Amino acid sequence: MKPLVAKIKPATGFANLLHLGLVMLLPLVVFVLVANQFVQLALSVILLSKWRMFAVRPRFWPAMVRANAIDIMVGVSIVVFMAHTLSTSLQFVFAVLYGVWLLAIKPSNNGLLVSLQAMIGQLCGLMALFIAWSAGPLWGLIFVTALICYVSARHYFDSFDEPYARLLAYLWAYFGAALLWLLGHWLLFYGIVAQPVVLLSAIGYGLAALYYFDHTGKLNSSLQRQFIFIMLAVVIIILSFSDWGDKVV
């Protein structure tokens, strides 16, 4: 069944300029707040910016939250990235990237860009999770990882009107949780990027690419072998060259 989509007439003239101005103001406000150590307030601003999710009947709230989950995840991740750097210049770069997300990537309904939204959401969400909460309890990391994987997969498959979107999203969430349950006992980092993030991104992006090419009728045996080889090569390289000796959490 196709997801319920409201057809809203695009704003024009002054209303459009006002909307763009408010959208561009959000990254600036977040930047100023984080730069002045008001991280919790910046997170509140991100969440309050999504107030329209609840401007509908309560029975539509779960669907609205799911539809906006990727945007919320990216916004919260940007705040986490800003808060964990001491460079004001780098914080401003994150604010600019957030502006690009809000103005160019998030509003698109194009199938390819919606897929990109899901990929960006998963990558940002997982990176922010391990940057901010790597010392948290394993069960908490497993649960949030599964939630991020589910939301990202559901967003991805819904863009293709996939009839088994929910089932596939649950399977990807289970895979993410299982992978973290195994690797969470030896949580390794490559710089600021945790090993589960690299593996889930490599495998997830490879599977997403295979699904995309298959859905568009462009997948052939040669292309399929290439993607599978790349995924396996990345996994083998990461697992083979990781230092498992002294990184037990």
Side-chain angles (χ1 to χ4, degrees), residues 3 19-35 38-54 61-85 90-134 141 143-159 165 169 172-173 176 192-194 196-198 200-202 204-205 208:
H19 172 73
L20 291 176
L22 291 174
V23 170
M24 289 187 292
L25 184 63
L26 180 58
L28 180 60
V29 170
V30 170
F31 166 71
V32 172
L33 290 174
V34 175
F38 296 111
V39 178
Q40 290 81 4
L41 190 54
L43 290 171
S44 299
V45 169
I46 294 290
L47 297 177
L48 288 172
S49 69
K50 307 302 296 181
W51 65 270
R52 293 183 64 186
M53 292 190 302
F54 304 104
W61 287 359
M64 293 299 292
V65 170
R66 193 185 74 227
N68 288 272
I70 289 292
D71 186 32
I72 295 173
M73 203 154 57
V74 171
V76 171
S77 299
I78 289 294
V79 173
V80 172
F81 298 155
M82 287 183 178
H84 284 79
T85 178
L90 189 55
Q91 289 176 344
F92 184 75
V93 170
F94 283 128
V96 172
L97 292 175
Y98 188 37
V100 172
W101 163 266
L102 291 173
L103 291 172
I105 301 177
K106 171 200 161 186
S108 176
N109 292 321
N110 176 274
L112 186 59
L113 286 181
V114 172
S115 302
L116 181 62
Q117 293 168 10
M119 294 178 181
I120 293 174
Q122 177 176 290
L123 178 62
C124 290
L126 291 174
M127 285 185 63
L129 170 64
F130 289 99
I131 288 174
W133 206 36
S134 61
L141 292 172
F143 174 77
V144 179
T145 297
L147 182 61
I148 291 172
C149 289
Y150 173 81
V151 168
S152 303
R154 189 66 187 272
H155 189 86
Y156 177 84
F157 288 118
D158 279 347
S159 67
W172 180 240
I192 62 171
V193 183
V197 178
V198 180
L200 285 173
S201 298
Y205 291 176

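Fair warning: this is a prediction, and the values are worked out from it, not measured in the lab. Positions are given from 1 along the sequence.
- In this structure a side-chain-to-backbone donor-acceptor pair under 3.5 Å is present from Gln91 to Thr85.
- Under the 4.5 Å side-chain criterion, counting only non-hydrogen atoms from C-beta, Phe94 is not in contact with Val34.
- Atom OG of residue Ser115 and atom CD1 of residue Ile120 lie 11.0 Å apart, to the nearest 0.5 angstrom.
- Side chains of Leu123 and Met127 form a contact here, defined as non-hydrogen atoms less than 4.5 Å apart.
- When every heavy atom of Ala95 is checked against every heavy atom of Pro27, the shortest pair comes out as O-CB, 3.4 Å.
- Between the side chain of Asn68 and the backbone N or O of Asp71 there is no donor-acceptor pair closer than 3.5 Å.
- When atom types are taken as modelled, the side chain of Tyr156 and the backbone of Met119 share no donor-acceptor pair closer than 3.5 angstrom.
- For the pair His84 (side chain) and Val80 (backbone), a donor-acceptor distance under 3.5 Å is present.
- By the 4.5 Å heavy-atom criterion applied to side chains, Phe38 and Val32 are not counted as neighbours.
- A donor-acceptor pair under 3.5 Å links the side-chain atoms of Ser49 to the main chain of Ile46, judged by distance alone.
- The CZ atom of Phe92 sits 9.5 Å away from the CE atom of Met82 when rounded to the nearest 0.5 Å.
- Nearest heavy-atom pair, Asp158 versus Ala165, reported as atom, atom and distance to 0.1 Å: OD1-CB, 3.5 Å.
- Around OH of Tyr205, the count of heavy atoms belonging to other residues, nucleotides or ligands within 6.0 Å exceeds 12.
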Given side-chain contact (heavy atoms from CB on, under 4.5 Å), test Trp172 with Leu200 step by step and report yes or no. CA-CA 10 Å; Trp172 180 240; Leu200 285 173; 4.1 Å; yes
Is there a side-chain contact (heavy atoms from CB on, under 4.5 Å) between Val96 and Phe31 once you walk through the steps? CA-CA 9 Å; Val96 172; Phe31 166 71; over 6 Å; no
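- Between His155 and Gln117, the closest heavy-atom pair is NE2-OE1, 2.9 Å.
- Atom-to-atom distance recorded for Ile78:CD1 and Leu43:CG is 12.0 Å, nearest 0.5 angstrom.
- We find the CG-OG distance between Leu116 and Ser108 to be 9.0 Å, quoted to the nearest 0.5 Å.
- Separation of atoms CG (Asn110) and CD1 (Ile105) is listed at 12.0 Å; rounding is to 0.5 Å.
- Atom CD1 in Ile131 sits 11.0 Å away from atom CG in Leu126 (nearest 0.5 Å).
- Contact between Ala169 and Arg154 at its shortest, heavy atoms only, is CB-N, 3.8 Å.
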